[in-house]
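Heads up: numbering here begins at 1 and tracks the sequence.
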Amino acid sequence: MGKLYSSVRLIIVILVFSLCSCVLAVSSAAADETSYSTPFPWNGHTMQVSYALDDGTVKSGHAAAGEKSVQVFLVSPEDTLSWDELMSSGQYLQLQALDGTQYGMVSSGFEAVEGSSRNITDLATNQYVGFSPIFDVPADIGLDQLVLVVLNGEANETTFVSLAGIPAEEQPAETAIPAELVGSWNGVGTQAGGGSEIALSMSVNADGTGEYTFEQSGYTESYPFTLESDSKLFSVSIPADNQLGITACEGQYDYADGILTLHITTTFSSGRQFEYTVYCVKAEP
């Protein structure tokens, strides 16, 4: 099925720079078809669960104390999915514990068809072969105690897929970021078309995770984030019920001559989009 890679989303608010979630852990799809779940229908597609993760590499960014994040990797072996279908998937998916408690999707990653454009402006026109919803659940619940609840909107039918028989795959070593990106960074950014300048500082770990802090017009926030090595994409997590009405955030990064450049686009519920470019240099040790 190829590699499942995480989508990237970054929030830049009108007067406040902010990075948001969508994505999450980076991992490769299970190569053995026999390890997949039984196929099930979903909105005109046939889907399967390839594997699941709850090993600490998955971070939604807003799990409460005593909670952990679980990521379930779904693939469509027969056809492709559209961006609109991925963006609406949260209303069709839940995780359910043995006691009947259900947990909604808080973020998701996706896998584009091989050869698709990596440009954030083309995400809505790419086709996708799979996606990976993330759920926050109590930390003491194992994968073998969880069931994926899938609503097939076309037939108004519900499928229950137990994660007890789904293998857990660890994050592969090849997703680690280049050594030159590890460390502390400071930078400033400007909005396309003009606007208030932002100040950004962030720490990047060897596994691509980290923390960032931004400041704009006296407003400051901090969130965890993840850099993805092969796709040059990044994602930052904030609560799904954010008060700013962010619906989609995408970003890419480049590194050259000691400069880490972030290219950021954010979309609000009103449909308005804003683009920023942020140039970061490493802080002194």
**OP:** State yes or no: do Tyr279 and Phe225 share one hydrophobic cluster built from I, L, V, M, F, W and Y residues joined by side-chain heavy-atom distances below 4.5 Å, directly or via other members?
**Re:** no
Original post:
Are the side chains of Ile141 and Val70 in touch, meaning some heavy atoms are under 4.5 Å apart?
Top reply: no
Subject >> Tyr253 side chain reached by Leu181 side chain, heavy atoms, under 4.5 Å >> reply: yes
Original post:
Ignoring hydrogens and geometry, is there a side-chain-to-backbone donor-acceptor pair from Asn43 to Gly153 under 3.5 Å?
Top reply: yes
Subject >> Nearest heavy atoms of Val182 and Lys282, plus distance in Å >> reply: O-NZ, 2.7 Å
Original post:
Are the side chain of Asn205 and the backbone N or O of Asp207 linked by a donor-acceptor pair below 3.5 Å?
Top reply: no
Subject >> Side chain proximity check, Leu74 to Pro133, heavy atoms < 4.5 angstrom >> reply: yes
Original post:
Passes side chain to side chain contact (heavy atoms under 4.5 Å, CB included), Asp136 versus Tyr103? Steps please.
Top reply: CA-CA 7 Å; Asp136 290 336; Tyr103 305 92; over 6 Å; no
Original post:
For atom CG of Asn156, is the number of surrounding heavy atoms from other residues, nucleotides or ligands below 6.0 Å larger than 12?
Top reply: no
Original post:
Taking the inter-plane angle between the rings of Phe73 and Tyr51 on a 0 to 90° scale, is it parallel (under 30°), tilted (30 to 60°) or perpendicular (over 60°)?
Top reply: parallel
Subject >> Heavy-atom closest pair, residues Tyr128 and Leu123 >> reply: OH-O, 2.5 Å
Original post:
Which distance, rounded to the nearest 0.5 Å, do you find between the NZ of Lys59 and the CD of Gln71?
Top reply: 12.5 Å
**OP:** Applying side chain to side chain contact (heavy atoms under 4.5 Å, CB included), run through Trp185 and Leu200 and close with a yes or a no.
**Re:** CA-CA 8 Å; Trp185 297 83; Leu200 176 67; over 6 Å; no
**OP:** Given side chain to side chain contact (heavy atoms under 4.5 Å, CB included), test Val113 with Asn126 step by step and report yes or no.
**Re:** CA-CA 7 Å; Val113 172; Asn126 286 340; over 6 Å; no
Subject >> Lys68 NZ to Leu53 CG distance, which is reported to the nearest 0.5 Å >> reply: 11.0 Å
Original post:
How close do Pro77 and Thr46 get, heavy atom to heavy atom, and via which atoms?
Top reply: CD-O, 3.3 Å
Original post:
Which residues satisfy the side chain to side chain contact (heavy atoms under 4.5 Å, CB included) test with Glu180, sequence neighbours excluded?
Top reply: Pro178, Tyr255
Acceptor/donor pairs from residues 144-151 side chains to any protein atom, 3.5 angstrom cut, sequence neighbours excluded:
residue, atom, partner, partner atom, Å
Gln145, OE1, Gly142, N, 2.9

Original post:
So if you build clusters from Ile, Leu, Val, Met, Phe, Trp, Tyr with side-chain heavy-atom gaps below 4.5 Å, do Met87 and Met105 land together?
Top reply: yes
Original post:
Is there a donor in the side chain of Asp84 and an acceptor in the side chain of Ser82, or the other way round, less than 3.5 Å apart?
Top reply: no
Original post:
Can you tell me if Gln48 uses its side chain to pair, donor with acceptor, with the backbone of Ser37 under 3.5 Å?
Top reply: yes
Original post:
CE/Met47 to CD/Glu78 distance, rounded to the nearest 0.5 angstrom?
Top reply: 11.0 Å
**OP:** Over all heavy atoms of both residues, which pair between Val278 and Gly187 is shortest? Give the atoms and the distance, please.
**Re:** CG1-C, 4.4 Å
**OP:** Go through Leu262 and Met202 one step at a time and tell me if the side chain to side chain contact (heavy atoms under 4.5 Å, CB included) criterion holds.
**Re:** CA-CA 12 Å; Leu262 306 181; Met202 59 185 178; 4.3 Å; yes
Original post:
Per the ring pair (Phe, Tyr, Trp, His ring centres under 6.0 Å) rule, which among Tyr92, Trp42, Trp83 passes with Phe131?
Top reply: Trp42
Original post:
At their closest point, which heavy atom of Ile134 faces which heavy atom of Ser69, and how far apart are they?
Top reply: CG2-CB, 4.0 Å
Original post:
To the nearest 0.5 Å, how far apart are CD in Glu211 and OG in Ser201?
Top reply: 10.5 Å
Original post:
What distance separates Thr226 OG1 from Leu233 CG, expressed to the nearest 0.5 Å?
Top reply: 12.0 Å
Subject >> Pairwise distance SG(Cys280) to CD1(Ile259) - rounded to 0.5 angstrom >> reply: 8.5 Å
